[in-house]
Amino acid sequence: MKAVVLVGGFGSRLRPLTIDVPKQMIPVVGVTMLERVLRHLRSHGVEEAVLALGYLPDVFQEAFPSGESMGVKLRYSVESEPLDTAGAVRLAVDTAQIDSTFLVVNGDILSSFDLSSLVRFHKKSKGMATIALTPVDDPSRFGVVVSDKHGRVHSFVEKPALDSAPTNLINAGAYVFEPEALTVAQVGVPISMERLVFPELAKRRELFALEMPGYWIDAGTPASLLKVSLDILKGNIKGSDLSGLQSAGEGLDGSVSVDPLVSVKGSYVGRDCVFEGIVDVRNSVLEEGVTICSQATVRDSVVLPGAVVGEGALIDCSIVGHGAIVPPGSIVVNGSVVSRYAELTPGCQVVGERIPS
Ligand code: GTP
């Protein structure tokens with residue numbers, strides 16, 4: 001089976017981490033978000049994926065010179081201007097000449113969904129498209145999808161008030177399509193799946209939806225990127241492809257064998273990390289080539305490749321970007337995000353901020 005992976009968005013909610021790298025190429029505990037998505041697709045029988053590229057397409061193409069990742073053959077569909085979700089899928093279908101039932105997934109959604117059962121349901125219902133649904137506690141921030149007991153979609157309600165929401169089931173960003181479903185979208189024109197294609201298919205009674213049990217997260221914000229990383233560390237994602245996919249980790253539970261002065265607990269430590277003296281690292285992800293200097297503390301945080309945490313610095317519940325330098329005595333706490341290659345001023349206090357903002 002083929003799949004289209006939507007990876008062309010600007011990732012503005014994750015800025016400044018996405019200023020020069022697409023969000024799907026950010027590592028999530030040892031491997032990129034995209035590799036986790038591809039591995040999940042492979043485990044459900046996908047052999048070829050078309051990456052629908054828009055923002056910084058070269059970064060993807062250069063990362064996979066063999067044209068393959070996680071056992072999935074890659075093809076590229078490159079937009080010269082953003083075509084929005086449906087426009088992007090339409091172009092990908094044309095580019096890769098997809099002519100049978102296929103999957104579409106948002107490249108920033110990490111889930112443990114049984115995509116095989118979604119495909120089986122789609123084939124049984126004989127619709128043009130099927131949307132995976134996931135329940136949320138507060139649907140008022142989302143568009144909810146209303147369907148009948150057979151799964152046929154009736155309507156979409158955008159951001160319903162909590163007390164009057166007809167359902168708490170939202171579009172989970174994973175779909176099964178027949179190629180003809182996209183003929184409602186013009187080639188080369190920006191078109192939204194949610195605002196045009198789905199309402200049109202629902203009107204024709206050709207759109208279905210299925211609630212999927214399991215882990216689901218939109219990893220497109222700093223808070224959710226941090227959450228999914230820590231969920232993987234804690235093994236909170238039961239029965240999912242998300243766990244157990246670390247490329248170079250020396251330990252997830254304090255098993256790192258380094259100098260006895262180094263205390264590393266419940267953390268992932270990537271290849272070539274350096275601990276300079278007494279450090280305290282807990283429940284955190286240190287990606288490849290991170291340096292933690294003497295007396296530094298890192299708690300419930302993600303430190304991306306090549307970053308340096310200076311002497312006596314404190315990182316708590318925050319993300320330090322690729323190659324960033326946190327100087328001695330600095331404090332980065334409360335959901336802060338330090339951008340790629342940022343250099344903070346020595347002794348600074350970053351509390352719940354994005355640097356640069
Ligand atoms: P924000 O800017 O933070 O809202 O993120 P985004 O636009 O990158 O992602 P959003 O969650 O809005 O989009 C869902 C998925 O569709 C993501 O995987 C995006 O990369 C992708 N996407 C959004 N717009 C486009 C587009 O115009 N073309 C392509 N190819 N993909 C898109």
Side-chain angles (χ1 to χ4, degrees), residues 2-26 28 32-38 40-41 49-61 63 69 74-96 98 102-111 113 115 129 131-134 136 141-143 145 156 158-159 170-175 177 182 185-198 216-228 319 321 337 339 354 357:
K2 292 185 181 176
V4 175
V5 186
L6 289 164
V7 291
F10 291 107
S12 33
R13 290 168 300 155
L14 258 180
R15 282 188 161 239
L17 294 176
T18 48
I19 287 174
D20 51 9
V21 70
K23 65 183 150 183
Q24 296 86 358
M25 292 307 290
I26 294 174
V28 181
T32 62
M33 198 184 290
L34 176 61
E35 286 170 298
R36 288 188 176 276
V37 170
L38 291 172
H40 186 213
L41 289 170
V50 189
L51 303 188
L53 307 176
Y55 180 57
L56 302 174
D58 298 350
V59 179
F60 293 95
Q61 288 165 311
S69 174
L74 299 178
R75 297 197 57 169
Y76 303 108
S77 165
V78 185
E79 294 148 48
S80 47
E81 56 160 325
L83 292 180
D84 208 338
T85 41
V89 176
R90 177 74 214 262
L91 183 69
V93 167
D94 281 17
T95 306
I98 297 177
F102 65 103
L103 278 158
V104 174
V105 292
N106 286 359
D108 55 355
I109 300 286
L110 295 174
S111 85
F113 288 175
L115 297 173
I131 308 174
L133 303 178
T134 191
V136 291
R141 293 188 297 118
F142 301 91
V145 181
F156 299 87
E158 213 29 60
K159 300 194 172 76
I170 63 158
N171 174 352
Y175 322 100
F177 275 99
L182 272 305
Q186 257 178 288
V187 189
V189 175
I191 293 168
S192 156
M193 201 70 92
E194 295 79 1
R195 283 188 296 279
L196 190 125
V197 176
F198 288 152
W216 178 89
I217 196 162
D218 167 357
T221 67
S224 60
L225 186 61
L226 198 53
K227 180 174 185 330
V228 71
I319 302 177
V337 179
S339 124
R354 298 187 190 208
S357 51

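Counting starts at 1 for both ligands and their atoms, following the listed order.
Taking every non-hydrogen atom of Leu83 and a distance limit under 4.0 Å, the qualifying atoms of ligand 1 come out as 27 (O). Using a 4.0 Å cut-off to heavy atoms of Gly11, the atoms of ligand 1 that qualify are 2 (O), 3 (O), 5 (O), 6 (P), 8 (O). Listed by number with element, the atoms of ligand 1 under 4.0 angstrom from any heavy atom of Ser12 are 1 (P), 2 (O), 3 (O).
In terms of polar-atom proximity, Pro82 is not counted as a contact of ligand 1, lacking any N or O under 3.5 Å from an N or O of the ligand. Not one N or O of Ala88 is nearer than 3.5 Å to an N or O of ligand 1, by distance alone. Between Gly8 and ligand 1, an N or O atom pair is found at a separation short of 3.5 Å. Taking distance alone, with nitrogen or oxygen atoms compared against 3.5 Å, Asn106 stays at or beyond that limit from ligand 1. Taking only nitrogen or oxygen atoms, main chain and side chain alike, Gly9 reaches within less than 3.5 Å of ligand 1. For the pair Gly54 and ligand 1, the shortest N or O to N or O distance does not fall below 3.5 Å.
Between Val50 and Lys2, the closest side-chain pair of non-hydrogen atoms is not below 4.5 Å. Between Gln24 and Tyr55, every side-chain heavy-atom pair lies at or beyond the 4.5 Å cut-off. Looking at heavy atoms from C-beta onward, Phe142 lies out of side-chain contact with Lys159 at the 4.5 angstrom threshold. Between Leu74 and Phe60, the closest side-chain pair of non-hydrogen atoms is not below 4.5 Å.
Between the CZ atom in Phe10 and the OG1 atom in Thr18 there is a gap of 10.5 Å [rounded to 0.5 Å]. Distance CG/Leu38 to CZ/Arg36: 12.0 Å, rounded to 0.5 Å. In this structure, the separation between CG on Leu225 and CD1 on Ile26 is 6.0 Å, given to the nearest 0.5 Å.
Within the set Leu51, Leu34, Val105, Asp84, the minimum heavy-atom distance to atom 27 (O) of ligand 1 is found for Asp84.
Put simply, atom 12 (O) of ligand 1 has no protein non-hydrogen atoms near it, under 4.0 Å away. Contact annotation for atom 7 (O) of ligand 1: protein present (non-hydrogen atoms, distance under 4.0 Å).
The shortest contact between atom 16 (O) of ligand 1 and any protein heavy atom is with Leu6 CB, 3.6 Å. Of the protein's non-hydrogen atoms, the one nearest atom 28 (N) of ligand 1 is Glu79 OE1, 2.8 Å. Of all protein heavy atoms, the one closest to atom 9 (O) of ligand 1 is Lys23 NZ, 3.1 Å. Looking at atom 4 (O) of ligand 1, its nearest protein heavy atom turns out to be Arg13 NE, 3.3 Å.
Exactly one residue among Val37, Val4, Leu6 makes a side chain to side chain contact (heavy atoms under 4.5 Å, CB included) with Val105. That residue is Val37.
Ala86 and Val197 make their closest contact through CB-CG2, 3.5 Å (heavy atoms, listed as atom of the first residue, atom of the second, distance).
Applying the side-chain hydrogen bond (donor to acceptor under 3.5 Å, both in side chains) criterion to Asp84, with sequence neighbours excluded, gives no partner residue.
Sorted by first and then second residue, the salt bridge (charged side-chain N to carboxylate O under 4.0 Å, His left out) pairs with a member in residues 10-20 read Arg13-Asp108, Arg13-Asp218, Asp20-Arg340; sequence neighbours excluded.
Under the 4.0 angstrom criterion for non-hydrogen atoms, Arg15 is not in contact with ligand 1.
Looking at Asp108 against ligand 1, both its backbone and its side chain come within 4.0 Å, counting heavy atoms.
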